[in-house]
Amino acid sequence: MAQFRRALVGSTLTALMAGALLTGCSDDNDADTASVTTTVPPATQTTMAPTTSAENDEDKVTPQAAQQLCDMISPEIDNWRDQGSTVAKVTFNGTVQNWAARNDGLNDEVLRDKTLVDTVTTRTCPEVRQQALEVLEVDDLASALVGDR
C-alpha cells in the first residue's frame with residue numbers, strides 16, 4: 001500500500017510539474033494558440049495522524065539518507081544554473097522526490113513538512129544548500145518544492 005501511494009504521489013507530482021513547465025514555456029502570445037491540459041488521475045485519500053513537529057520527521061532521516069540528499073543535489077547545481085531557476089525548480093522537485101522514495105518512502109514526510117529538506121541540508125551540507133538556494137533563487141528550499149507550504 002505504501003509503495004502504491006509513493007508511486008501515485010510521484011506520478012501526480014510529475015504530471016503537475018510537467019504541466020507547470022509546459023504552461024510557462026510558450027513564446028507565442030497569439031490568442032489562437034491551443035491550451036495545454038494536464039489530466040491528473042484522482043488520488044486515494046488517506047487519513048493520517050498529524051505530525052506535531054519537524055523533529056518527528058527528522059528522526060526518520062538517517063545520517064546516510066541525509067548525506068545521500070546532499071550527494072544528489074550537489075552534482076545537479078551546474079545543470080540547474082544552465083536551466084534557469086524556473087526549470088531548475090522542477091528538476092529540484094524530482095531530485096527531492098527521488099531521494100525521498102529511495103529512503104523508506106520519506107515522500108509523505110516531505111509533503112507534510114517541506115522544511116525537512118532545509119533542516120537536513122543545513123545540518124549535513126550547508127555549502128551545497130547555499131549554492132542550491134542561489135541557483136533556485138529562493139530563500140529556503142521548502143519554497144522551491146511543489147505544493148502547499
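Along the sequence shown, the residues carry numbers beginning at 1.
Atom CD1 of Ile73 and atom CG of Leu141 lie 6.0 Å apart (nearest 0.5 Å). Atoms CG and CD, on Leu106 and Gln97 in that order, are 10.0 Å from each other to the nearest 0.5 Å. Atom OG1 of Thr115 sits about 10.0 Å away from atom CG of Leu145, to the nearest 0.5 Å.
Between Asn103 and the choices Gln68, Lys60, Gln64, the side chain to side chain donor-acceptor pair (under 3.5 Å) rule is met once, by Gln68.
When every heavy atom of Gly105 is checked against every heavy atom of Glu109, the shortest pair comes out as O-OE1, 3.5 Å. Among all heavy-atom pairs drawn from Thr124 and Pro126, the shortest one is C-CD, 3.7 Å. Of all heavy-atom pairs spanning Asn93 and Ala144, the tightest one is ND2-O, 2.8 Å.
Under the disulfide bond (SG atoms under 2.5 Å apart) criterion, the residue pairs touching residues 84-125 are Cys70-Cys125, with sequence neighbours excluded.
Looking at residues two or more places apart in sequence or on another chain, you find a salt bridge (charged side-chain N to carboxylate O under 4.0 Å, His left out) between Arg81 and Asp78.
For the residue pair Asp71/Gln67, the side-chain donor-acceptor check at 3.5 Å is satisfied. Residues Thr95 and Asn98 bring no donor and acceptor atom of their side chains to less than 3.5 Å of each other. At a cut-off of 3.5 Å, with distance as the only test, a side-chain donor of Gln83 or Thr91 sits close to an acceptor on the other residue.
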Check: residues 128-137 side-chain donor-acceptor pairs under 3.5 Å, at least two apart:
| from | atom 1 | to | atom 2 | distance (Å) |
| --- | --- | --- | --- | --- |
| Arg129 | NE | Asp118 | OD1 | 3.2 |
| Arg129 | NE | Thr122 | OG1 | 3.2 |
| Arg129 | NH2 | Asp118 | OD1 | 3.0 |
| Gln130 | NE2 | Glu134 | OE2 | 3.2 |
| Glu137 | OE1 | Ser85 | OG | 3.2 |

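The local environment of CG in Asp139 is sparse, with at most 12 non-hydrogen atoms from other residues, nucleotides or ligands closer than 6.0 Å.
Using a 4.5 Å heavy-atom threshold, the side chains of Phe92 and Val117 count as touching.
In terms of modelled atom types and a separation under 3.5 Å, the side chain of Trp99 and the main chain of Ala65 share a donor-acceptor contact.
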